[in-house]
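The analysis underlying the following values was restricted to heavy atoms, covering all of them including side chains, and did not include hydrogens, waters or symmetry mates.
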Amino acid sequence: MNYTKTLREFFSQNQGHIFDVQYEQNHRFSLIPYKTLLKILNRLEEEGIVSSIAKGVYIVNSDQELDIDKAINDYYVERFSGMMIGKEMYNYYDIGDQDEDIVEIYTNKIISNNKSIGKYHLIKFDTDFYDEVVRLVTALELIEKVSTIKDINYIRYNEEKEAGVNSYTDEIFKEIITNHKYKYSTIATLDEMLDRFSIENNALSIYKENYLNVL
């Protein structure tokens, strides 16, 4: 296999897209040794085919104007890859008015535990972010971080929290909690809400199975 030719062809078909070296080498280009992949990328960057935007992260150059924000969202969030949390979540749902510079993203498309690309802080969360997962994670985030939300709109806060709780199933919860640790107090509040809404669950038992040492 001609590794350089393979990458050139791939980049010509994906102009304007993100290329996360660790993830791509792990999932799409595992036949290319990691060090070889880095050498090829360095050469292609010199040729202007890709540009480095963070350590181990490139954007594929294009004839069109590059939109790094859109490229990051497309790669790390879209197609069930992740979700915005923190200020982006609160602002999106009209729950609070946040003005922090950092944009936090849970994503399954990084190998390390976290990664920063400019204003974006990526946090590894190895699950598929289909709608039910996003709704329940949203509820858990709102429960756990309520004290940090500025200018909170409690009507919208409660609406989104309850919508997430109503999407609960043990299967979805186990998928979430296996891949991301929430505080025990957060799960206790979730359990109280599930009981109040008469939703059958084993939330506390599932949590304890994963985090016996927290109790």
Look at the side chain of Asn158 and the backbone N and O of Tyr154, then say whether any donor-acceptor pair between them is shorter than 3.5 Å. yes

Quick check against the 3.5 Å criterion: does Thr107 have a side-chain atom that pairs as donor or acceptor with the backbone of Ser81? yes

Measure up the Phe125 and Tyr106 rings against each other and bin them: parallel (under 30°), tilted (30 to 60°), perpendicular (over 60°). perpendicular

Determine whether the aromatic ring centres of residues His17 and Phe19 are separated by less than 6.0 angstrom. no

Between the side chain of Asn166 and the main-chain N/O of Glu162, is any donor-acceptor distance below 3.5 Å? yes

Spell out, as yes or no, whether a donor-acceptor pair under 3.5 Å connects the side chain of Arg135 to the backbone of Tyr130. no

Aromatic centroids of Phe29 and Phe10 separated by under 6.0 Å: yes

Any luck finding a side-chain donor-acceptor pair between Glu160 and Thr138 under 3.5 Å? no

Counting N and O atoms only, with roles assigned by atom type, does the side chain of Glu104 sit under 3.5 Å from a partner on the main chain of Ile123, one being a donor and the other an acceptor? no

Would you confirm whether Asn179, through its side chain, and Lys124, through its main-chain N or O, come within 3.5 Å as a donor-acceptor pair? no

Is a side-chain donor-acceptor pair under 3.5 Å present for Asn153 with Tyr93? no

Just by distance, do the side chain of Tyr157 and the backbone of Leu142 share a donor-acceptor pair under 3.5 Å? yes

